[in-house]
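What follows is a set of notes on a single structure, which appears directly below.
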Amino acid sequence: TTGEYLPAHAEGERADNVCAFVRRHQGWWALAAVPRLLTRLIGADQLPLGAAAWKDALLVVPGIEPGRRCRNAFTGEVLTLEERDGGAALPLARVFAHFPVALFLAEE
């Protein structure tokens, strides 16, 4: 309830197909991301996973420095935030590589 809310945004061909934000408090942070408007991404018998669905879209992560690691609470997958234009970012194909929603928690 006291954490800072930082809206994230996407860039690239699939930028309109994700809603994401960071919550940050006392050095800890979490990144939540969910896809939206899925019928524009995939067919009826497909899942919105990986590069086939997300192409080169990039999630720009505000308030977190590049190089920080985070673990997906649903899959256990660990990602490292990349440096893009002086900020941190993650390819959406990796964010949604194995599960159609993501909740990344900061790793120490």
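In what follows, residues are counted from 1 in the order of the sequence shown.
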Would you kindly confirm whether Val61 and Leu58 end up in one hydrophobic cluster when ILVMFWY residues are joined by side chain heavy atoms under 4.5 Å apart?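 Looking at the clustering, Leu58 is in a separate group from Val61.
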
Please determine whether residues Val34 and Leu103 belong to a single hydrophobic cluster, defined as Ile, Leu, Val, Met, Phe, Trp and Tyr linked transitively by side-chain heavy-atom distances below 4.5 Å.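 Same cluster: Val34 reaches Leu103 through Ile, Leu, Val, Met, Phe, Trp or Tyr contacts under 4.5 Å.
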
What distance separates [X] [atom1] from [Y] [atom2], expressed to the nearest 0.5 Å?
{"X": "Arg68", "Y": "Leu81", "atom1": "CZ", "atom2": "CG", "value": "8.5 Å"}
{"X": "Leu47", "Y": "Phe99", "atom1": "CG", "atom2": "CZ", "value": "10.0 Å"}
{"X": "Trp29", "Y": "Leu6", "atom1": "CH2", "atom2": "CG", "value": "11.5 Å"}
{"X": "Asp16", "Y": "His9", "atom1": "CG", "atom2": "NE2", "value": "12.0 Å"}
{"X": "Phe96", "Y": "Thr75", "atom1": "CZ", "atom2": "OG1", "value": "11.5 Å"}
{"X": "Leu105", "Y": "Arg23", "atom1": "CG", "atom2": "CZ", "value": "13.0 Å"}

Minimum heavy-atom distance between [X] and [Y], given as atom pair plus value:
{"X": "Ala15", "Y": "Ala10", "answer": "CB-O, 3.4 Å"}
{"X": "Pro7", "Y": "Pro62", "answer": "O-CG, 3.3 Å"}
{"X": "Val95", "Y": "Ala102", "answer": "CG1-CB, 3.7 Å"}
{"X": "Arg24", "Y": "Gly63", "answer": "NH1-O, 2.6 Å"}
{"X": "Gly87", "Y": "Pro66", "answer": "O-CG, 3.3 Å"}

Is there a side chain to side chain contact (heavy atoms under 4.5 Å, CB included) between Val60 and Arg84? Walk through the geometry before answering. CA-CA 8 Å; Val60 178; Arg84 296 287 169 101; over 6 Å; no

Do the side chains of [Y] and [X] get nearer than 4.5 Å, heavy atoms only?
{"X": "Gln26", "Y": "Thr2", "result": "no"}
{"X": "Leu49", "Y": "Pro100", "result": "yes"}
{"X": "Arg14", "Y": "Pro35", "result": "no"}
{"X": "Leu31", "Y": "Leu59", "result": "yes"}

Taking side chain to side chain donor-acceptor pair (under 3.5 Å) as the definition, give me every residue that meets it alongside Glu77, ordered by chain and number, with sequence neighbours left out.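 So Glu77 forms no side chain to side chain donor-acceptor pair (under 3.5 Å) with any residue.
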
I'd like to check the salt bridge (Lys or Arg N to Asp or Glu O under 4.0 Å) partners of Glu107; sequence neighbours left out, ordered by chain and number.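 Only Arg69, Arg71 meet the salt bridge (Lys or Arg N to Asp or Glu O under 4.0 Å) criterion with Glu107.
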
Where the side chain of Asn17 meets the backbone of Arg36, is there a donor-acceptor pair that is under 3.5 Å apart?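 Yes; at least one donor-acceptor contact below 3.5 Å.
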
